[in-house]
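Before any comments, here is the structure.
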Amino acid sequence: MEFNPNNNVVKLCLQGMGMEEKGKPEEASKLFLQAWNEATHDFEKFISAHYVARYQKNISDKLKWLETALQFALKINNNTVKSAIPSLYSNIAKCYEDLSDPDKARKNYELATLFKDKPLRGDKMV
């Protein structure tokens, strides 16, 4: 799956990013949530959950959305998506830090490093 600008969920996310650039976070958040609600497969769910996470007001909700995005990213056999995995783990770790859970934070930072250090070949980690 590619980031196809003709895909409706990708279009909604692009529109949401446009609203971000215009300083309209409420509109952006609505578009990202609409993208999530319209997502029908793993790639669409990954990308929309990733953007929904950015607009969560509390850390527990942000963590839930980041973990949702990660679950879908791990299912997708695509180097572009896999390159986002270290960042997802790092953001999840930061949430655990903010929630005063250093053990889970450390575990997720370690996973971020593991995924960052593993080179990608084709569509597989080696």
Side-chain angles (χ1 to χ4, degrees):
M1 174 55 65
E2 295 293 320
F3 289 89
N4 181 347
N6 295 317
N7 176 297
N8 194 51
V9 170
V10 172
K11 280 183 187 177
L12 288 167
C13 290
L14 289 170
Q15 290 171 0
M17 290 170 18
M19 289 295 116
E20 286 177 332
E21 290 176 10
K22 293 177 182 175
K24 298 181 176 182
E26 293 83 19
E27 289 89 341
S29 179
K30 287 177 187 175
L31 287 164
F32 296 139
L33 196 54
Q34 181 181 348
W36 169 258
N37 289 329
E38 292 184 18
T40 59
H41 55 77
D42 291 346
F43 176 78
E44 292 174 347
K45 290 178 183 192
F46 151 70
I47 193 170
S48 58
H50 170 75
Y51 283 109
V52 170
R54 292 167 46 164
Y55 284 89
Q56 297 310 300
K57 302 223 186 292
N58 71 59
I59 297 179
S60 294
D61 289 340
K62 182 175 185 172
L63 176 61
K64 180 191 94 160
W65 282 103
L66 287 169
E67 288 177 333
T68 298
L70 177 64
Q71 287 174 341
F72 288 108
L74 290 170
K75 294 180 185 181
I76 301 168
N77 220 359
N78 175 286
N79 283 341
T80 304
V81 173
K82 290 203 182 298
S83 69
I85 291 174
S87 176
L88 286 169
Y89 275 121
S90 291
N91 289 330
I92 288 168
K94 175 69 171 107
C95 288
Y96 279 119
E97 276 182 0
D98 293 343
L99 293 169
S100 301
D101 192 335
D103 292 335
K104 286 186 180 176
R106 184 175 55 256
K107 175 185 171 199
N108 281 280
Y109 280 129
E110 288 169 0
L111 288 166
T113 301
L114 175 70
F115 274 84
K116 201 179 305 178
D117 292 343
K118 290 258 186 189
L120 296 171
R121 184 176 60 203
D123 279 342
K124 297 180 180 162
M125 289 182 59
V126 292

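All values below come from the heavy atoms of this structure, side chains included, with hydrogens, waters and symmetry mates left out.
Scanning for side chain to side chain contact (heavy atoms under 4.5 Å, CB included) contacts around N6 gives N4, with sequence neighbours left out. Every side-chain hydrogen bond (donor to acceptor under 3.5 Å, both in side chains) that E67 has, sequence neighbours left out, goes to Y96. Taking K30 as the reference, nothing meets the side chain to side chain contact (heavy atoms under 4.5 Å, CB included) condition, with sequence neighbours excluded. Under the side chain to side chain contact (heavy atoms under 4.5 Å, CB included) criterion, L99 pairs with I59, S60, L63, sequence neighbours left out.
Looking at every heavy atom in both residues, I76 comes nearest to K82 through O-NZ, 3.1 Å.
Under the salt bridge (Lys or Arg N to Asp or Glu O under 4.0 Å) criterion, no residue pair touches residues 5-19, with sequence neighbours excluded. Every pair passing salt bridge (Lys or Arg N to Asp or Glu O under 4.0 Å) that includes a residue from residues 51-63 is listed here, sequence neighbours excluded: E20-R54. Under the ring pair (Phe, Tyr, Trp, His ring centres under 6.0 Å) criterion, the residue pairs touching residues 48-84 are F32-Y51, F32-Y55, W36-W65, with sequence neighbours excluded. The salt bridge (Lys or Arg N to Asp or Glu O under 4.0 Å) analysis of residues 83-103, with sequence neighbours excluded, yields the pairs K94-D98, D103-R106.
Residues F115 and Y109 fall into different hydrophobic clusters, defined by Ile, Leu, Val, Met, Phe, Trp and Tyr side chains chained together at heavy-atom separations under 4.5 Å. Connection of V52 to L66 is established within a shared hydrophobic cluster, with ILVMFWY side chains joined at heavy-atom distances below 4.5 Å, either directly or through further cluster members. Hydrophobic clustering (ILVMFWY, side-chain heavy atoms < 4.5 Å, transitive): M19 and L14 are in distinct clusters. Residue L74 is grouped with residue I92 when hydrophobic side chains (ILVMFWY) are merged at heavy-atom distances under 4.5 angstrom, including chains of intermediate members.
When atom types are taken as modelled, the side chain of S29 and the backbone of P25 share no donor-acceptor pair closer than 3.5 angstrom.
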Assess the residue pair F46 and L88 against the criterion (side-chain contact (heavy atoms from CB on, under 4.5 Å)); give the C-alpha distance rounded to whole Å, side-chain angles, the decisive distance to 0.1 Å, and a yes or no. CA-CA 11 Å; F46 151 70; L88 286 169; 4.0 Å; yes
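Judged by distance alone, the side chains of T40 and E44 do bring a donor and an acceptor atom under 3.5 Å apart.
Taking the six-membered ring where the residue is Trp, F43 and H41 present parallel rings, their angle staying beneath 30° rather than reaching 60°.
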